[in-house]
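First up is the structure itself, then whatever we jot down about it.
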Amino acid sequence: MDVKSTKTSPVLADSAPINKSRLGIHSSRLPYSQAGPTSSNNILTILRKKRGNFDDVWTNGWLDAMRSSSPPRKNILQNFTSGEVASDDGDIAHRAWMTKYPSALSSFRQIMDCAKNRKLVVFLDYDGTLSPIVDNPDRAFMSAEMRCAVKSVAKYFPTAIISGRSRDKVYGLVRLKELYYAGSHGMDIMFPAEEIPSGDRSISTKSTDQQGKEVNLFQPASEFLPMINEVFKTLVEITNVKGAKVENHKFCVSVHYRNVDENSWPIVAQFVYDVLKEYPRLRITHGRKVLEVRPVIDWDKGKAVEFLLESLGFTTNQDVLPIYIGDDRTDEDAFKVLRSGNRGYGILVSAVPKETNAFFSLRDPSEVKKFLESLVRMKQ
C-alpha cells in the first residue's frame, strides 16, 4: 500500500487488499461499476418534482427518521412518567429521564470507584459534545477552555476524537497533537506507528502526521474513495434547495437540512434517494438534521472504539475502563459496544430526554467540560 502525502494530510494512493467478509461487504454488491452516476439533467428533474410525489421516501421511512433526528421535545413523558402528567411539561420529563440516565457529574464518584485499578481511556465525539450544535457546521468551534480541558485529560489518559467529520477537518478544529483522531465515523483512524494490532497489519499503512511524526493509518473503506467523491459531486446539486449544505468527509458525505424549510425536506430526501439508487454499495444513516451517505461495510464508531482499544493493548475488560461521550445517533454504536458485558460507560450529551444505550448523561458541552476537568482533578 503506497501513501502519498500532501501538506495537509496523507492520502492513500493504492489500497492493499481488504478481506471483504471481515468488513461485511456483500458479495452481491461487488464489484463497483464506474458507469451510471446520476446525470445533471436527472438531478434537475428530481428537484422540479411536484411536492407530494415522494412515495419512495415515505415508504422507506426516511421522512419519519428525518423528523425525529433531533431529540423529541413533546410526548416524551409516556416513556418515563405516568400518563397523568401533562405531556408538555419538559422539566418533569427530564427529571424522570434522569432517574434512568443519571448525570455523569453527580455520578462521578461511582464512575471513579469502577475505575479503580483500571486504565481510563476517553473517547469523545466533536459536534454537540466539545462544540455546540450550530446552524453552520463550519462555525462549530470549541472554546479555548474546552481545548484546555481536553488537552489536560490527554495528559493523563489515552484520549481519542471519533467524529463523523473528516479526520483532517476535526484535527483542524481541535488542534491537539496529543490525541488519537478517527474521522468519517471511524473509517479513517490515525494512531502511533508503534501501535499496530496484530490482526490488522495488512490494512494499516505508515504515513506522517502534521508534525512529520511517523504514524499508522487504518482506512477500511479506502476502496470507496472514488465512489464517495463521485457521489459528492452529484449531491452538491441539492444546494439548489435553499438552506441545504453538502460536505465531503472523505469516506462519507453529509447532506445537512437543518436550515431547510421542513416543507422542502421531502425534496432533499427524494433527491438523495434517487441518487443512491445508482450506488447499491452505499447506504444512508440519520444524524441530527443530517443524512449521512456511507459505504456498506461492517464498520462504525463502535468498531472504531474496539480497534483503538486493541491498538492500545487493552484486550481484556479488567485492564481498562473506556468512557465514550457523544450526543448523536451515530454515537449509539459506541454506547452499545461499551454496554455489552459492562465494558465501559457511555455518556449521552442531551438537554432533552431520549432513549439511548448510554449509562449516564450530560446536558451540554459546558457539562462535558466540567466532567473532563473533574477527571483531571482526580488524577492530580
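Bear in mind that the values here come from a model prediction, so they are computed numbers and not experimental data.
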What orientation do Tyr324 and Phe123 show, parallel under 30°, tilted 30 to 60°, or perpendicular over 60°?
parallel
Could you walk me through whether Tyr345 and Cys114 pass side chain to side chain contact (heavy atoms under 4.5 Å, CB included), step by step?
CA-CA 10 Å; Tyr345 290 129; Cys114 187; 3.5 Å; yes
Between His185 and Asp300, is there a side-chain heavy-atom distance shorter than 4.5 Å?
no
Could Glu223 and Arg281 be called an ion pair, given the rule that one side-chain N must be under 4.0 Å from one carboxylate O?
yes
Applying salt bridge (Lys or Arg N to Asp or Glu O under 4.0 Å) to Lys336 and not counting sequence neighbours gives none
Do Ile92 and Arg95 make a side-chain contact, defined as non-hydrogen atoms from C-beta onward lying under 4.5 Å apart?
yes
Taking C-beta and beyond as the side chain, do Asp168 and Tyr181 meet within less than 4.5 Å on heavy atoms?
no
Of the options Val150, Leu124, Val153, Val170, which is the one that meets Leu179 in a side chain to side chain contact (heavy atoms under 4.5 Å, CB included)?
Val150
Are Met146 and Ser131 close enough that some pair of their side-chain heavy atoms sits under 4.5 Å apart?
no
Tell me whether Ser166 contacts the main-chain N or O of Lys169 through its side chain, where contact means a donor paired with an acceptor under 3.5 Å.
yes
Intermediate values then yes/no, side chain to side chain contact (heavy atoms under 4.5 Å, CB included), Arg258 and Val290
CA-CA 7 Å; Arg258 178 173 298 276; Val290 62; over 6 Å; no
State which residues pass side chain to side chain contact (heavy atoms under 4.5 Å, CB included) with Lys155; sequence neighbours excluded, sorted by chain then number.
none
Output yes when Glu332 and Arg339 qualify as a salt bridge under the 4.0 Å nitrogen-oxygen rule, no when they do not.
no
Using the rule that Ile, Leu, Val, Met, Phe, Trp and Tyr join whenever any side-chain heavy atoms are under 4.5 Å apart, tell me whether Tyr279 and Leu225 fall into a single cluster.
yes
Taking atom types as modelled, find out whether Thr330 and Lys301 have a side-chain donor-acceptor pair closer than 3.5 angstrom.
yes
Are Ile162 and Phe307 connected into the same hydrophobic cluster when the rule is that any two of I, L, V, M, F, W, Y join if their side-chain heavy atoms are below 4.5 Å apart?
yes
Heavy atoms from other residues, nucleotides or ligands near CG of Asn117 exceed 12 (cutoff 6.0 Å):
no
Can a donor-acceptor pair be found between the side chains of Ser366 and Asp364 at a distance below 3.5 Å?
yes
Does one hydrophobic cluster hold both Met378 and Ile325, with members joined at side-chain heavy-atom distances below 4.5 Å?
yes
Give the minimum heavy-atom separation between Arg147 and Val174, together with the two atoms involved.
NE-O, 2.8 Å
If the threshold is 4.0 Å, N to carboxylate O, is there a salt bridge linking Glu306 and Arg343?
yes
In this structure, would Val121 and Phe335 fall into the same cluster of hydrophobic residues linked by side-chain contacts under 4.5 Å?
yes
Is it the case that the ring center of Phe251 lies less than 6.0 angstrom away from the ring center of Trp299?
no
In chain order, what residues pass the salt bridge (Lys or Arg N to Asp or Glu O under 4.0 Å) check against Asp328, with sequence neighbours excluded?
none
Please determine if Lys303 and Asp298 form a salt bridge, counting it only when a charged side-chain N lies under 4.0 Å from a carboxylate O.
yes
